[in-house]
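Note sheet for the following structure.
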Protein chains: 2
Amino acid sequence: MIDLLAQTLREAGHSLTKPRMTVFGALQAPKPKTMNQLVTSVSDIINRASVYRAVALFEELGIITRIQHGWKYRLELSDAFTPHHHHLTCNKCHRIISFDEPDRFDEIVSGIAASHGFVLQNHGLEVYGLCPECQTKKAAT
Amino acid sequence: MIDLLAQTLREAGHSLTKPRMTVFGALQAPKPKTMNQLVTSVSDIINRASVYRAVALFEELGIITRIQHGWKYRLELSDAFTPHHHHLTCNKCHRIISFDEPDRFDEIVSGIAASHGFVLQNHGLEVYGLCPECQTKKAAT
DNA sequence: CAATAATTGCGACAGATTTGCAAAAATAAT
DNA sequence: ATTATTTTTGCAAATCTGTCGCAATTATTG
């Protein structure tokens, strides 16, 4: 996986440095991270500005993706660096569950792109609701 | 449509003021707007803080929705104020095309929620690619 | 109209993101 | 391996975004 990272950077004329590797590593965690979580998780080793720079570069090269999560956004590795998946988010406790591409979903998505003459490059599906636990907890009266 | 806005506000104990009406009006434009675009588009008449307040209120009442668009998020009217739809975004020129819910999409989405024990509340589908025009323009060498 | 409650505008702020530049690290060329 | 060259990083300062308190203004109620 680090190889693919190195290769992707090289091809674009950038090098795989320690800071970049660290940021990449921090994003390999299972759950998407807030920019702030990311910055603090590596702040001992890497400067804030450098984290931002790495994130900007990674996003530009399609290495990471941002997903909207209420008012905040989160970062996670893109499909090429982690299996393609989507998110199911609980509107109450905000837990995020990843799920695989539904069957035949590709057909639907490519059909949409095709009908507008687009060349499909990527897609994302976000589902929101209440998780089992939060359904139980009654709203505070 | 303004009636529905007024009604929605009233029911929640708020009034339909000129500033709010202006912000709502600005969002009725066909394309989703950046917070900054929104603020500047009405800055002659409305204070920045008030725009933020209106947006926060509208979002809380489900009148508007944020969609992620690359690094920025954008705002647009929610389903109740504009037909339910999704977005097809061009990765090069960033134009956004709205499209209707694909057939049987509900089944797929509710199936996902159900399989995780979630109560479905909402969903969003974003598709990215290259629009017809941008496929033609060759990348600048 | 008067009284009361909700909303705005403004200026000050706290947090988030960006930028300029010299020092440090990486890559290329002896 | 050592030096020259190019790319990155760290740091501090500057910007941009979104929020807050409070007095003035506008809307709602009787």
Side-chain angles (χ1 to χ4, degrees), chain A residues 2-27 32-61 63-76, chain B residues 2-27 32-61 63-76:
Chain A
I2 290 288
D3 300 331
L4 177 55
L5 172 64
Q7 182 193 330
T8 306
L9 286 167
R10 283 277 163 62
E11 285 173 359
H14 299 277
S15 43
L16 176 54
T17 62
K18 231 168 293 179
R20 286 175 185 160
M21 209 181 291
T22 306
V23 170
F24 183 83
L27 287 171
K33 286 193 170 174
T34 288
M35 176 60 89
N36 206 47
Q37 294 177 326
L38 179 61
V39 169
T40 55
S41 75
V42 300
S43 65
D44 305 332
I45 333 176
I46 307 170
N47 184 274
R48 172 188 295 279
S50 301
V51 176
Y52 275 90
R53 283 189 279 235
V55 166
L57 178 63
F58 285 1
E59 196 168 40
E60 188 185 316
L61 300 182
I63 294 169
I64 63 179
T65 302
R66 323 195 144 196
I67 59 176
Q68 190 68 20
H69 179 235
W71 278 86
K72 308 275 183 182
Y73 64 84
R74 293 188 180 230
L75 304 165
E76 70 170 12
Chain B
I2 290 288
D3 300 331
L4 178 53
L5 172 63
Q7 181 193 330
T8 307
L9 286 167
R10 283 276 162 64
E11 285 174 359
H14 300 279
S15 43
L16 176 54
T17 63
K18 231 167 295 180
R20 285 173 186 162
M21 210 181 293
T22 306
V23 170
F24 183 84
L27 287 170
K33 287 192 168 174
T34 288
M35 176 61 89
N36 205 46
Q37 295 176 326
L38 179 61
V39 169
T40 56
S41 75
V42 300
S43 64
D44 305 332
I45 333 175
I46 309 170
N47 184 273
R48 194 154 56 98
S50 301
V51 177
Y52 274 90
R53 283 189 281 234
V55 166
L57 178 62
F58 286 0
E59 198 169 38
E60 188 185 316
L61 299 182
I63 294 171
I64 63 179
T65 302
R66 324 194 144 197
I67 59 176
Q68 190 68 20
H69 178 236
W71 276 89
K72 308 278 183 181
Y73 64 82
R74 294 188 178 231
L75 303 166
E76 69 169 12

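Keep in mind the model is a prediction, meaning the values are calculated, not measured. Chain A is the first sequence line, chain B the second, and so forth, proteins listed ahead of strands; every chain is numbered from 1.
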Separation of dT8(D) atom P from Arg10(A) atom CZ, nearest Å, is 11 Å
Euclidean distance, Leu75(A) CG relative to Phe58(A) CZ, rounded to 0.5 Å: 11.0 Å
The contact string for nucleotides 10-16 of chain D, one letter per nucleotide 5' to 3', using protein heavy atoms under 4.0 Å with B, S and - for base, sugar-phosphate only and none, comes out as BB-----
Could you tell me the separation between the CG atom of Asp44(B) and the P atom of dC10(C), rounded to a whole number of Å? 12 Å
Donor-acceptor check, side chain of Arg20(B) to backbone of Ser15(B), threshold 3.5 angstrom: yes or no? yes
Rounded distance in Å - CZ (Arg20(B)) to C1' (dG9(C)): 14 Å
I need the CD-P distance between Glu60(A) and dT18(C), as an integer number of Å. 12 Å
If the cut-off is 4.0 Å, is His14(A) near the phosphate of dT7(D), judged by side-chain N/O to OP1 or OP2? no
Below 4.5 Å, heavy atoms only, C-beta onward: do Lys33(B) and Ser41(B) meet side chain to side chain? yes
With a cut-off of less than 4.0 Å, is there a side-chain N or O of Ser15(B) near OP1 or OP2 of dT26(D)? no
How close or far is atom P of dG18(D) from atom CG of Leu38(B), stated in whole angstroms? 11 Å
Send over the distance from Tyr52(B) OH to dC10(C) P, rounded to a whole Å. 16 Å
Between Phe24(B) and Ile2(B), is there a side-chain heavy-atom distance shorter than 4.5 Å? yes
Whichever of Lys18(B) and Leu16(A) has the more 5' nearest nucleotide on DNA chain C, that residue is Lys18(B)
Counting C-beta onward and ignoring hydrogens, is there a side-chain heavy-atom pair between Leu9(A) and Leu57(A) closer than 4.5 Å? yes
Is the shortest heavy-atom distance from the side chain of Met35(A) to the side chain of Val55(A) under 4.5 Å? yes
